[in-house]
Participant: 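Just passing along the structure, written as structure tokens.
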Amino acid sequence: MDFPTRYEPKLVEKHWYKFWENQGYFTPNLKSKKPRFCIVIPPPNITGVLHMGHALNGTLQDIIIRFKKLQGYETLWLPGVDHASIATHNQIEKLLAKQGKTRFDIGREEFLKLAWEWKDKHANIILDQLKSLGAACDWTRTRFTMDEQLSRAVREAFVRFYEKGLIYKAYYIINWCPRCHTSISDLEVKYKESATKIWYIKYPLKTDSGEIVAKNYIVVATTRPETMLGDTAVAVNPNDERYKSLIGKKAILPLVNRVIPIIAEETVDVEFGTGAVKVTPAHDPVDFEIGKKHKLEVVKVIDEDAKITEQAPLKYQGLSREKARELIVEDLATQGYLEKVEDYSHRVGTCVRCETLIEPLVSLQWFLKTKPLAEPAIKKVEDQSIRFYPQRWTKVYLDWMYNIRDWCISRQLWWGHRIPAFYCDDCNNLMVTREDPKECNKCHSKNIRQDEDILDTWFSSALWPFSTLGWPDDTEDLRQFYPTNLLSTDPDIIFLWVARMIMTGLEFVKDIPFKDVYIHSTVLAETGERMSRSKGIGVDPLLLIDKYGACALRFTLAYLETESQSYRFWEKKVELGRNFANKIWNAGRLISMYLETAENREERHSLNSIISTLKDPIDIWIFNRYFQTVESVTNALERYAYSHAASALYTFFWDDFCDWYLEICKIRLRNNDKIVLDVLKIIFENVLILLHPFMPFLTEELWHRFNYQPTSSILDAVWPKVDNTEKQILHLQSSAISLFETLQKLVTGIRNIRAEMNISSDKKVTCLINTQDKTLKEYLLAAIPAKIIKELAKVSEIESSDHRPSQSSVVIIKDLEVYIPLTGVINFEKERKRLEDELQTVQKELDKINNLLANDDFLTKAKPSVVEREQERKMKYEDKIKRLRAAIASLG
RNA sequence: GGGCGAUUAGCUCAGUUGGUUAGAGCGCUUGCCUCACAUGCAAGAGGUCACCUGUUCAAAUCAGGUAUCGCCCACCA
């Protein structure tokens with residue numbers, strides 16, 4: 001088979017993806033006896049294109065799905081897309097704007113037609129992009145939040161909530177986006193620091209006679225003077241000495257001349273502003289509450305277009321809120337009501353979608369009572385039925401849930417699930433039904449019409465984990481895969497989505513929607529800012545896949561994914577993954593070359609059959625390292641420690657397997673030591689399995705180059721396990737492992753000296769092994785290890801020696817000494833200084849150890865193994881000092 | 001105002017229950033195109049672990065506090 005020296009992702013990725021998909025590897029077998037494992041994808045918006053957040057979350061979910069599949073689970077990763085009500089509206093309104101139209105010009109029906117066209121055109125784009133990442137989603141189960149069945153789920157949920165009395169319709173202060181022309185929930189308001197002003201306005205006090213007395217007034221401070229038109233009270237703190245006497249009196253609202261009460265309100269901060277607050281129940285959430293408490297009039301002076309209403313004085317009616325502010329301030333000033341104006345900076349609410357300033361206003365909306373739903377949802381997290389990873393998010397979730405507020409679920413938009421509420425125009429009857437009613441169920445009038453509003457997008461998302469599995473029908477999918485196992489998402493939507501899924505899942509399916517919630521890091525741009533396509537900040541994952549391959553990107557992302565809240569990411573970092581992929585590729589290439597040569601083309605032995613026959617310390621060492629890696633990768637993935645898993649694989653494969661084991665194999669093979677072929681094949685193939693969740697395409701390709709069965713996939717393989725007996729066998733040979741580790745240190749030490757002292761590679765160097773440890777000496781001087789030392793450290797001769805150092809440089813590697821005789825090359829002064837420095841360091845260290853060992857507390861309280869280790873160190877260091885002194889003396 | 005993170009090498013970050021000489025990648029220096037890989041190999045330099053005070057035989061790690069940065073929540077008009 002052709003085996004190029006570079007791994008070329010483009011040549012293999014498309015092919016293997018099709019292969020997996022066509023062979024049904026992503027579709028679970030509902031008849032199998034295996035345990036189930038399911039992830040339901042956070043549905044991307046149909047308006048979206050794959051960004052780094054998707055790429056990261058897609059990678060993480062795919063890693064777990066493939067890991068679980070290899071571990072023997074029947075897995076389902078269920079994909080889908082969200083109709084994204086407001087986001088889609090924005091897109092279509094943009095299209096309309098190009099023709100100078102608004103959605104109101106073309107009407108609901110025409111608008112919905114355009115929206116469905118948009119959906120048909122765009123929904124698949126992001127899903128296809130997910131495929132290029134390698135996502136093992138079951139595309140036969142792709143769902144859309146507005147599918148017939150999912151819409152039925154939404155309606156069922158709404159009706160059940162309503163019947164239970166959890167959904168109500170009320171006039172309430174809500175966040176209104178004048179641009180989107182809809183209400184939005186508290187969570188969709190984004191607060192931004194804004195530099196503005198604060199105006200101090202004098203409100204004259206009403207005297208008993210009713211005249212306005214110039215010096216008799218109360219001053220209120222406001223950042224929104226235009227709302228004063230709707231003021232219906234002034235509130236002061238009942239404990240505020242300045243105003244105590246005014247409570248119960250009346251003030252006269254300037255410009256409007258309304259008489260408004262001065263009321264006592266404990267929440268008023270005495271320190272802030274003047275300590276007196278204007279109260280505008282119709283346009284401020286806090287004031288709304290105050291208004292309710294004090295039964296104040298609600299005067300709505302700003303309408304849904306952010307214009308002044310007819311409830312305001314004629315002069316201001318129809319003005320925009322900005323214009324009205326200007327004029328009102330001007331009028332206040334000319335009429336002497338404006339005390340002063342100060343610069344002020346505070347946070348103003350904006351629409352998360354379009355950044356328009358939010359107008360809080362009173363409006364008739366649908367709400368979902370959340371307290372009764374939150375209770376069980378809190379319990380399931382408190383008792384750890386649902387676990388957050390990293391754990392700290394648990395508190396974030398709980399804090400929000402403890403203080404949860406009712407959810408405004410109606411939106412004055414068109415694209416979405418229309419509220420299944422019907423009104424009878426004749427008798428005003430309200431019907432909430434599963435089927436569209438044909439007539440009024442009270443007066444049988446046919447004059448009925450459906451509520452115009454639709455539901456918040458997140459209402460359907462809240463049902464996603466079970467609506468996608470078939471709910472409200474009792475489906476096989478639902479029975480087999482609910483509760484799902486993992487929900488992986490970003491921190492932004494813990495409240496918007498995660499919390500609500502838990503509440504609805506418990507309410508409707510009577511069980512948690514998922515067991516684990518993994519909250520991944522936020523990928524930031526190189527500058528530390530959030531990536532933003534519109535601002536041109538950040539990188540495009542699709543370009544990275546195109547340039548470096550999906551495996552490179554995936555591995556890099558996993559490698560960087562730790563528990564921290566965010567990390568910076570830029571293109572250059574993908575080279576880590578790309579280089580690693582290439583390293584794996586080339587190791588595969590080398591091993592396959594060995595296995596392919598005519599004389600080696602025999603059946604290789606299995607792990608079980610060779611494990612107990614292993615004799616060479618090098619083989620024992622590499623198997624030991626391999627087993628450690630299997631364990632740490634498995635453990636890490638079980639607790640979503642992606643970075644740990646990735647770096648364990650990286651280090652093992654590159655440092656241990658390639659740089660040491662493979663290099664040594666070359667030498668051993670030249671000496672006809674054929675057992676390495678078995679070891680190479682066993683370890684390489686198993687590491688491919690371990691690597692597969694991270695690098696699916698690369699590992700599949702290599703798998704096929706080692707297993708000549710065109711119909712099977714690496715996904716059919718079995719995740720490596722560490723057998724206890726295998727572990728024991730190796731454990732008994734720990735002395736063998738340390739033999740090889742000493743050889744490593746020796747080689748490194750010699751290389752070090754050579755490089756440091758600039759000894760050219762053609763210079764002949766003899767290595768004298770001088771140690772009291774007989775086993776060690778025997779091992780190092782044996783034929784193969786000696787060859788290894790010679791080749792790896794570029795030593796020409798290797799001999800046993802009991803000499804004390806004479807005129808030479810000295811390397812000390814623990815209790816082992818290596819003398820490299822060098823005529824005329826050595827710099828004695830430099831060498832002496834180096835030795836003296838080392839002597840000093842070692843002496844210091846020894847002093848520390850001695851202190852420690854003289855300490856009774858240490859001896860009694862420290863673990864025995866630690867004490868033992870310190871005692872060993874002491875002996876080693878004392879020995880070392882002796883030898884260093886001797887070496888220094890020998891230099892003359 | 002509250003909560004949560006972060007602060008470790010020039011840069012970006014690891015550091016799993018306190019315990020040998022604090023690690024990696026990139027960058028840098030030196031030497032190598034060694035017949036898997038220059039997307040590579042070998043060697044090296046580089047750190048008062050933000051600061052203070054404690055706890056402990058022992059602190060990057062634990063406690064308390066300070067500073068700076070970031071994220072989230074909250075009704076300061």
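In what follows, chains carry the letters A, B, and so on, assigned in the order in which the sequence lines appear, proteins first and then strands, with residues in each chain numbered from 1.
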Participant: Quick one: does N586(A)'s side chain have a donor or acceptor within less than 3.5 Å of a partner on R589(A)'s backbone?
Facilitator: no
Participant: Distance check needed: A14(B) C1' versus K573(A) NZ, whole Å only.
Facilitator: 12 Å
Participant: Look at the side chain of E563(A) against the base of G5(B) and say whether a donor-acceptor pair falls under 3.5 Å; ignore hydrogens and angles.
Facilitator: no
Participant: Tell me what F569(A) touches on the nucleic acid: a base, only sugar-phosphate, or nothing, going by heavy atoms under 4.0 Å.
Facilitator: nothing
Participant: In whole Å, measure the gap between the P atoms of C11(B) and G18(B) for me.
Facilitator: 30 Å
Participant: So V268(A), base contact, sugar-phosphate only, or nothing? Heavy-atom distance under 4.0 Å.
Facilitator: base
Participant: Between U29(B) and C69(B), how many Å separate the two P atoms, rounded to a whole number?
Facilitator: 35 Å
Participant: Can you check the distance between G2(B) and A58(B), where both ends of the measurement are the P atom (answer in whole Å)?
Facilitator: 35 Å
Participant: According to the Watson-Crick and G-U wobble definitions, with both distances under 3.5 Å, which nucleotide is paired to C41(B)?
Facilitator: G31(B)
Participant: Using atom C1' of each nucleotide, how far apart are U39(B) and G25(B) to the nearest Å?
Facilitator: 14 Å
Participant: Using whole Å, what does the distance between atom C1' of nucleotide U34(B) and atom NZ of K794(A) come to?
Facilitator: 7 Å
Participant: In whole angstrom, give me the gap between the C1' atoms of A24(B) and U56(B).
Facilitator: 31 Å
Participant: In whole Å, measure the gap between the C1' atoms of G46(B) and U21(B) for me.
Facilitator: 16 Å
Participant: Rounded to whole angstroms, how far apart are CZ on R347(A) and P on C75(B)?
Facilitator: 10 Å
Participant: So which one's nearest nucleotide on RNA chain B is more toward 5', R224(A) or H644(A)?
Facilitator: H644(A)
Participant: May I ask you to check if K572(A) and W570(A) form a cation-pi contact, with NZ or CZ under 6.0 angstrom from the six-membered ring centre and within 45° of the axis?
Facilitator: no
Participant: Counting N and O atoms only, with roles assigned by atom type, does the side chain of H283(A) sit under 3.5 Å from a partner on the main chain of P360(A), one being a donor and the other an acceptor?
Facilitator: yes
Participant: Can you tell me how far CD1 of I789(A) sits from CD1 of I667(A), rounded to the nearest 0.5 angstrom?
Facilitator: 10.0 Å
Participant: Could you tell me whether V277(A) contacts a base, only the sugar-phosphate backbone, or nothing, with contacts defined as non-hydrogen atoms closer than 4.0 Å?
Facilitator: base
Participant: Distance check: side-chain N/O of S564(A) vs OP1/OP2 of A14(B), anything under 4.0 Å?
Facilitator: yes
Participant: Identify whether the distance between the nearest side-chain nitrogen and carboxylate oxygen of K681(A) and E685(A) falls below 4.0 Å.
Facilitator: yes
Participant: Indicate yes or no for a side-chain donor-acceptor contact from R530(A) to the backbone of V523(A) under 3.5 Å, with no hydrogens or angles considered.
Facilitator: no
Participant: Have a look at S592(A) and say if it touches a base, only the backbone sugar-phosphate, or nothing, with a 4.0 Å heavy-atom cut-off.
Facilitator: nothing
Participant: Phosphate oxygens OP1/OP2 of A77(B): is one of them under 4.0 Å from a side-chain N or O of Y344(A)?
Facilitator: yes
Participant: Flag the pair E342(A) and K197(A) as a salt bridge only when some basic side-chain nitrogen lies within less than 4.0 angstrom of an acidic carboxylate oxygen.
Facilitator: no
Participant: So what does N752(A) hit on the nucleic acid, given a heavy-atom distance under 4.0 Å: a base, only sugar-phosphate, or nothing?
Facilitator: sugar-phosphate
Participant: Just the rounded figure in Å: distance from P of G1(B) to CD of E271(A).
Facilitator: 13 Å
Participant: Could you tell me whether the phosphate oxygens of C76(B), OP1 or OP2, come under 4.0 Å of any side-chain nitrogen or oxygen in H346(A)?
Facilitator: no
Participant: Quick one: does NZ or CZ of K202(A) land under 6.0 Å from the six-membered ring centre of Y337(A), within 45 degrees of the ring axis?
Facilitator: no
Participant: Could you tell me the separation between the NZ atom of K192(A) and the P atom of C72(B), rounded to a whole number of Å?
Facilitator: 12 Å
Participant: Tell me: NZ of K572(A) to C1' of A24(B), nearest whole Å?
Facilitator: 15 Å
Participant: Please confirm whether R6(A) makes a cation-pi placement over W585(A), using NZ or CZ under 6.0 Å from the six-membered ring centre and within 45° of the ring normal.
Facilitator: no
Participant: Just to confirm, is there a sub-4.0 Å distance from OP1 or OP2 of C72(B) to any side-chain nitrogen or oxygen of K190(A)?
Facilitator: yes
Participant: Which base sits across from U21(B) as a Watson-Crick or G-U pair, both distances under 3.5 Å?
Facilitator: none
Participant: Counting any heavy atom closer than 4.0 Å, what does S643(A) reach on the DNA or RNA strands: base, sugar-phosphate only, or nothing?
Facilitator: nothing
Participant: For C72(B) versus C28(B), give the span between their C1' atoms, rounded off to a whole number of Å.
Facilitator: 40 Å
Participant: Distance check needed: C69(B) C1' versus Q565(A) CD, whole Å only.
Facilitator: 10 Å
Participant: Would you measure the distance from the P atom in C51(B) across to the matching atom in U68(B) and give it in whole Å?
Facilitator: 16 Å
Participant: Between Y172(A) (OH) and C75(B) (P), how many Å, whole number?
Facilitator: 11 Å
Participant: Assign a letter to each nucleotide of nucleotides 36-41 of chain B from its 5' end: B, base within under 4.0 Å of a protein heavy atom; S, sugar-phosphate only; -, no contact.
Facilitator: BB-BSS
Participant: Would you say the side-chain atoms of D240(A) pair up with the backbone N or O of V236(A), donor to acceptor, closer than 3.5 Å?
Facilitator: no
Participant: Just one of Y397(A), W393(A), W407(A), W400(A) clears the ring pair (Phe, Tyr, Trp, His ring centres under 6.0 Å) bar with F495(A), so which one?
Facilitator: W400(A)
Participant: State the pairing partner of G1(B); accept Watson-Crick or G-U wobble contacts with both distances under 3.5 Å, and report none otherwise.
Facilitator: C73(B)
Participant: Using purine N1 to pyrimidine N3 plus N6-O4 or O6-N4 for Watson-Crick, or N1-O2 and O6-N3 for G-U wobble, each under 3.5 Å, what pairs with U66(B)?
Facilitator: A50(B)
Participant: Can you list, in residue-number order, the parts of residues 545-552 of chain A that come under 4.0 Å of RNA chain B, counting heavy atoms only?
Facilitator: none
Participant: Quick check on C73(B): is either OP1 or OP2 less than 4.0 Å from any side-chain nitrogen or oxygen of R405(A)?
Facilitator: no
